Amino acid sequence: MYSRPFWRRKTVLQNLISRNSDVDIVIVVACGERAGEVVETITEFPKLKDVNGKTLMDRTVIICNTSSMPVAAREASIYTGITLGEYYRQMGLNVLIIADSTSRWAQAMRETSGRLEEIPGEEAFPAYLDSAIKGIYERAGVIKTADQSEGSLTMIGTVSPARGNFEEPVTQSTLGTVKTFLGLSADRAYKRFYPAVDPLLSWSRYLGQLQPWFTEHLSQSWVDNVQNLLELLKKGDSISQMIQVTGEEGVSTEDFVIYQQALFLDMVYLQQDAFDPVDVAVPLERQQESLNRIVKLVDTSYHFTDKDAVRDYFTKLTGFFKNLNYSPTNSNEYRDYSEKIGQLRKSAMTEK
């Protein structure tokens, strides 16, 4: 589930998820969307290639339900999508459902409930809103069919809280149901940090279940590095807020280095270029290599004369690393930028 108080490149994010998901069927439920966005999906999907090299439309089912359609159709659209997903799952296929958006589906329920003169709940939503939201997400999961094959159904729901209010009933009920949340940040979108997923706002309750897989495939040190880098992002955010109040003069050079390290991590690892053929989808092995290189750069003991030297160093480092991200693995460009990053690191270590 991910939340978007308003538009911030979520269509591109949905396209990337659809293209690169290791599934057999993708079901897109356009629930109450603007007609222009639905048309964009219909026209773009046949042009996009999925992980199998075929057009994305070959494995996609689109349920079109624009905002101009009847309220009853909007309420039924998500149930239609889930029922189709269950049908394919029962065939032993892996299915991904993207429901955009469950907020408009809940609004349709509110209108229907009002016309039926049912007793309203919070903000006039029906009293059964919470159980209805839990009911649709609980239909996702893995099953074993009669012939002992396995099928799965994964659901990603978009929540669009009015004015970005996360305290409204639909968002609260959804957060209490799902086990993974990707929060899209307006501030990151304004800065053109894409995807605009805020790492400090997002969370997952699957970490405990996935711990054995992480340890087996990525090693315990990789897991520890991720936790340490998350702490770095939190420290960098705190220092960033302090800088906004006091200016750079109000923080020490050591804190400014931490702030620049957090910004560097954000720009070269948490951001991806959806339109670059290399950076759009990165294999796990290269992700590990990139993360290990970042950890090495962050753990380095630097010696800077002033904040200008800090800024210059991390600006150059970010530029080299971004070009590295755009370079094919093991290409001449890749090796060249790897060498430049190493040389720049050594120069900062010896700077007095």
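Quick note: numbers below take in every heavy atom, side chains included, and nothing from hydrogens, waters or symmetry partners. This is a predicted model, so every value here is computed, not measured.
Between Asp237 and Lys234, no side-chain nitrogen of the basic residue sits less than 4.0 Å from a carboxylate oxygen of the acidic one, so the salt-bridge criterion is not met.
The side-chain tip of Arg110 points at the ring of Phe125 from less than 6.0 angstrom away and within 45° of straight on.
Between Trp105 and Tyr79, the ring-plane angle classifies as perpendicular under the 30° and 60° cut-offs.
Using modelled atom types, one finds a donor on one side chain and an acceptor on the other under 3.5 Å when comparing Thr55 with Asp58. Counting only N and O atoms by type, the side chains of Gln343 and Glu339 include a donor and acceptor under 3.5 Å apart.
Every residue meeting the side-chain hydrogen bond (donor to acceptor under 3.5 Å, both in side chains) condition with Glu75, not counting sequence neighbours, appears here in chain and number order: Thr112. A search for side-chain hydrogen bond (donor to acceptor under 3.5 Å, both in side chains) contacts involving Thr66 returns Ser68, not counting sequence neighbours. For Thr145, the side-chain hydrogen bond (donor to acceptor under 3.5 Å, both in side chains) test picks out Asp147, Ser149, with sequence neighbours left out.
Hydrophobic clustering, with ILVMFWY side chains joined whenever heavy atoms are under 4.5 angstrom apart, keeps Val280 apart from Tyr326.
Contact annotation: the side chain of Ser113 approaches that of Tyr128 to within less than 4.5 Å [non-hydrogen atoms, C-beta and beyond]. No side-chain heavy atom of Glu168 sits less than 4.5 Å from a side-chain heavy atom of Gln172.
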Next item on the list: Check the pair Arg59 / Asp50 against salt bridge (charged side-chain N to carboxylate O under 4.0 Å, His left out), numbers first and verdict last.
Entry: CA-CA 9 Å; Arg59 63 171 186 172; Asp50 63 14; 3.4 Å; yes
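Checking Tyr269, Tyr313, Phe321 one by one against Phe264, the ring-ring contact (aromatic ring centres under 6.0 Å, His included) holds for a single residue, Phe321.
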